[in-house]
Visitor: 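Pasting a structure below so you can have a look.
When a ligand or atom number is given, it counts from 1 through the structure's own listing order.
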Amino acid sequence: MTHKFRAGHVAIVGRPNVGKSTLLNHLIGQKLCITSEKPQTTQHAILGINTTDDFQIIYVDTPGIHKKAHHPINRQMNRAATGAMFDVDLVLFVVDSMQWTEDDEWVCQKLKNVTCPILAIVNKVDKISDKSLLFPHLTFLAAKCSFEKIIPMSARKDNDIRMLEHLLITFIPEAKQIFPSDQLTDRDERFFAAEIIREKLMRQLGQELPYATTIEIENFKDDNGLLRISAVIYVHKEGQKKIVIGEKGDRLKKIGTHARLDMEKMFEHKVFLQLWVKVINS
Ligand code: GDP
Ligand code: MG
């Protein structure tokens, strides 16, 4: 080999709906590999790993940086999350084209504590019809934080993704591969199943979602090609349970249906999903 292998961690941050998942899916493409590090060693949730002959990039989430903390537990988690951000090699801060909201501002403030390079991804520029408006917006962004680069792009465009990937690599240190190339165990699938449920919960509940909600996959079994998955959504109060379940179970049913469809796509199997909501006895 004439070149050196590179390996490292990249955090993808930004408020909901800016296109983080879309970006990630396109960055890891078919090389999707999900895993989860032990919580004792890191605060990161691994979203996906892209391993090629030349590099391994581990994309991570920084739980807590996405939401304003009113509750003390959230504040504590946010501190942990901001601390953990120092461990990554690069941060991708994603924003939605020309939009700038209070939540963007909040995430941006968090980034002030970050010592590693940050790239601002100005996503969804395909939505901007008058491109001349973009330049003043980029200037506005540049004043917000010391970004290494500001990249207007569209997470849906392959060319843009390839350009971004070339740029990303330059921030990744020379290092040995951290994870095996094809790691995908039963435990990892459980982790991902839980993440899918969490995403659907968030979509359904928005700000109503109690932040510290945990999801436990109780069962994950391949029954002759049918995946039987059962999961418990833990909440803290009886009232939260009612909210998650919804009128006549409507909300939970929706969460379940949407989660099942995503799981079937991801696992390429029919899925039978059972969801329960339980109140944690503290
Ligand atoms: P996340 O909440 O930050 O993970 O955002 P998602 O990846 O779920 O994307 C939110 C919405 O924006 C979805 O409907 C995406 O299809 C859409 N989206 C993402 N990237 C682009 C883009 O480059 N252009 C356009 N027009 N829409 C996009
Ligand atoms: Mg997402």
Visitor: Just checking, any donor-acceptor pair under 3.5 angstrom between side chains of Glu165 and Asn50?
Guide: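 Side chains of Glu165 and Asn50: pair found under 3.5 Å.
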Visitor: Over 60° means perpendicular and under 30° means parallel, so classify the ring planes of Phe93 and Phe147, tilted if in between.
Guide: parallel
Visitor: Check whether any N or O atom of Pro16, backbone or side chain, sits under 3.5 Å from an N or O atom of ligand 1, and answer yes or no.
Guide: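 N/O-N/O distance below 3.5 Å does not exist for this pair.
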Visitor: Within the structure provided, determine whether Cys116 and Val91 are in side-chain contact (heavy-atom separation under 4.5 Å).
Guide: yes
Visitor: Test of understanding: given a 4.0 Å heavy-atom threshold, classify the contact between Asn17 and ligand 1 as side chain, backbone, both, or neither.
Guide: both
Visitor: Please work out, at 4.0 Å between heavy atoms, whether the side chain, the backbone, both, or neither of Arg203 comes within that distance of ligand 1.
Guide: side chain
Visitor: Taking both backbone and side-chain atoms of Met153, is any N or O found less than 3.5 Å from an N or O belonging to ligand 1?
Guide: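 So ligand 1 has no N or O lying under 3.5 Å from an N or O of Met153.
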Visitor: Gly19 heavy atoms, cut-off 4.0 Å: which ligand 1 atoms fall inside?
Guide: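 Listed by number with element: 1 (P), 3 (O), 5 (O), 6 (P), 7 (O), 9 (O), 19 (C).
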Visitor: So, do Ile169 and Ile57 sit near enough that their side-chain heavy atoms are less than 4.5 Å apart?
Guide: yes
Visitor: Are Phe220 and Phe267, when compared by the centres of their aromatic rings, separated by less than 6.0 Å?
Guide: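 Between Phe267 and Phe220, which both carry aromatic rings, the centre distance is below 6.0 Å.
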Visitor: Just go through Lys157, Arg15, His26, Lys124 and tell me whose heavy atom is the nearest to atom 22 (C) of ligand 1.
Guide: Lys124
Visitor: Using a strict cut-off of 4.0 Å, indicate which atoms of ligand 1 neighbour a heavy atom of Asp126.
Guide: 22 (C), 23 (O), 24 (N), 25 (C), 26 (N)
Visitor: Indicate, as side chain, backbone, both or neither, the part of Leu23 found under 4.0 angstrom from ligand 1 when only non-hydrogen atoms are considered.
Guide: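 Contact part for Leu23 vs ligand 1: neither.
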Visitor: So, Asp104 versus Thr101: side-chain donor-acceptor pair below 3.5 Å or not?
Guide: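 Side chains of Asp104 and Thr101: pair found under 3.5 Å.
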Visitor: Report the part of Lys20 (side chain from C-beta onward, or backbone N, CA, C, O) that has a heavy atom under 4.0 Å from ligand 1; answer both or neither where that applies.
Guide: both
Visitor: With a 4.5 Å heavy-atom cut-off, do Arg260 and Thr257 have their side chains touching?
Guide: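 Yes; the side chains approach each other to less than 4.5 Å.
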